[in-house]
Asker: 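Just passing along the structure, written as structure tokens.
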Amino acid sequence: MKKCLPIIFAALLMVSALTGCASPKSLDQRNSSSEQNNATMQSSEPTISQPASSTNGTSSPTVSPNASAAYEKLIAYKTEDYRQQSVADFNAALASTPDELTVFLAEIADVINTISPDDENYDFFTTTMSFSSHELYCEHMGEEFAFFIPISKESKLCDYLDDEGNPVYEFTCFIESNVPYSIADLKLVTVAERDKAFLTFKEEMQNYLSGLSEIEIAGNDIKKMLTDKSAELANSLSTENMRLSPCEIYMIEINGKAEEAIQ
């Protein structure tokens, strides 16, 4: 089953909202990166470590009657205390062997491909579980950890819609990048600490871009501006046990004109 890992992980990357161990997404996926994809994946019956149980005897999260088998299985990891677990313990519970990892990646890809943004467990799957799945895969492959950050700015709303009924803006800017990071000891960083750092990084980068004017974005070296901002954030959010690096911007699109921006 080991040879299946890259295939399953590639499918997961296509729908992951925030993270990756360094694979750029194509331009035609940028507007749907946080939306569910209609494709689903088939997997064999899994053999996987039992979900970490809560020491507080919490009840199971609400599961929709229409939830898939993968959803029902993986939501069991959303225990009352999962945020306080170390990244090492949480990840190990998800998959501790290559075969378990193959099954887990197929299951999380299935869930993220089909979950609705208004699902009460949407954030759990697209942040915590997504971050952990990429760490497990990258660790298995001996690759650098990184999480994916898409940010955008749209302004000057037009009074008409496109052919698909979506709003049209006079000014658009889409940026895609990866943020490399390292964790010295996964046992010394909690799931809550990791998730908060990544989400804060993304939020602050989005706020920075949103605060720039159209002229500032189109008339200056936006790549350098964003890289410099990300360096500030990486420095402020890094801790003794987890170090973030400036973002690696690989795509910039302004008003429909895209350019490769790989550093």
Side-chain angles (χ1 to χ4, degrees), residues 10-39 112-113 117 122-123 126-127 130-131 134 144-181 197-238 244-263:
L12 181 59
L13 277 176
M14 293 184 69
V15 293
S16 177
L18 294 175
T19 158
C21 47
S23 292
K25 296 187 353 176
S26 60
L27 297 182
D28 60 357
Q29 292 171 317
R30 67 174 186 275
N31 291 326
S32 60
S33 61
S34 62
E35 301 296 331
Q36 69 273 28
N37 189 294
N38 290 327
I112 295 179
N113 274 334
Y122 181 80
D123 288 342
T126 59
T127 57
S130 185
F131 293 146
H134 286 78
E144 178 181 51
F145 290 168
F147 59 97
F148 171 60
I149 287 188
I151 56 176
S152 63
K153 179 182 176 71
E154 298 173 298
S155 57
K156 299 179 180 178
L157 180 64
C158 299
D159 59 0
Y160 56 89
L161 304 177
D162 64 15
D163 294 340
E164 297 180 353
N166 299 314
V168 176
Y169 297 86
E170 289 185 17
F171 181 87
T172 60
C173 175
F174 299 97
I175 310 288
E176 294 184 353
S177 66
N178 286 319
V179 178
Y181 67 97
F198 296 171
L199 294 175
T200 299
F201 195 109
K202 179 182 184 298
E203 180 181 14
E204 291 300 318
M205 288 297 293
Q206 179 61 65
N207 290 342
Y208 177 72
L209 180 63
S210 297
L212 297 175
S213 68
E214 292 87 345
I215 294 177
E216 288 175 312
I217 294 173
N220 294 289
D221 187 345
I222 188 61
K223 176 184 174 183
K224 182 179 186 304
M225 294 167 66
L226 291 171
T227 301
D228 289 348
K229 178 62 178 178
S230 71
E232 295 178 11
L233 287 170
N235 183 61
S236 66
L237 293 172
S238 291
L244 280 67
S245 299
C247 63
E248 298 176 347
I249 300 172
Y250 59 80
M251 192 282 289
I252 298 174
E253 180 186 297
I254 300 176
N255 292 331
K257 297 180 179 180
E259 62 179 81
E260 293 295 328
I262 296 179
Q263 297 179 338

Asker: For the residue pair Tyr181 and Phe145, does the interplanar ring angle fall in the parallel (under 30°), tilted (30 to 60°) or perpendicular (over 60°) class?
Answerer: tilted
Asker: Just verifying a value: how many Å separate Leu244 CG and Phe198 CZ, rounded to the nearest 0.5 Å?
Answerer: 5.5 Å
Asker: Heavy atoms only: give me the nearest Glu216-Met225 pair and the separation to one decimal.
Answerer: O-SD, 4.1 Å
Asker: Which one of Val179, Leu233, Thr200, Ile175 satisfies the side chain to side chain contact (heavy atoms under 4.5 Å, CB included) criterion with Met205?
Answerer: Leu233
Asker: Applying side-chain hydrogen bond (donor to acceptor under 3.5 Å, both in side chains), name anything that partners Gln206, two or more places apart in sequence or on another chain.
Answerer: Ser210
Asker: With the side chain counted from C-beta on, respond yes when Lys202 and Pro150 share a heavy-atom pair under 4.5 Å apart, and no when they do not.
Answerer: yes
Asker: For Glu203, which residues count as a side chain to side chain contact (heavy atoms under 4.5 Å, CB included) partner, sequence neighbours excluded?
Answerer: Asn207
Asker: Let me confirm one number: the CD1-CG distance from Ile151 to Leu209, rounded to the nearest 0.5 Å.
Answerer: 4.5 Å
Asker: In residues 158-171, what donor-acceptor pairs under 3.5 Å come from side-chain atoms, sequence neighbours left out?
Answerer:
residue, atom, partner, partner atom, Å
Asp162, OD1, Glu164, N, 2.9
Asp162, OD1, Gly165, N, 2.9
Asp162, OD1, Asn166, N, 2.7

Asker: Roughly how far, to the nearest 0.5 Å, is the CG atom of Asp221 from the CD1 atom of Ile252?
Answerer: 7.5 Å
Asker: Nearest 0.5 Å, what's the CZ-CG distance between Phe131 and Leu199?
Answerer: 5.0 Å
Asker: How many angstroms lie between atom SG of Cys173 and atom CG of Leu212, to the nearest 0.5 angstrom?
Answerer: 9.0 Å
Asker: Minimum heavy-atom separation for Tyr122 to Pro117, with atom names?
Answerer: CD1-CA, 3.5 Å
Asker: With side chain to side chain contact (heavy atoms under 4.5 Å, CB included) as the criterion, how do Phe201 and Ser230 come out once you've worked through the C-alpha distance, each side chain's angles and the decisive distance to 0.1 Å?
Answerer: CA-CA 8 Å; Phe201 195 109; Ser230 71; 3.7 Å; yes
Asker: Indicate the atoms forming the closest heavy-atom contact of Pro246 with Ala234, along with that distance.
Answerer: N-CB, 4.0 Å
Asker: Show your reasoning for whether side chain to side chain contact (heavy atoms under 4.5 Å, CB included) applies to Ile149 and Cys247.
Answerer: CA-CA 8 Å; Ile149 287 188; Cys247 63; 5.8 Å; no
Asker: Return the CD to CD distance between Glu176 and Glu253, rounded to the nearest 0.5 Å.
Answerer: 9.0 Å
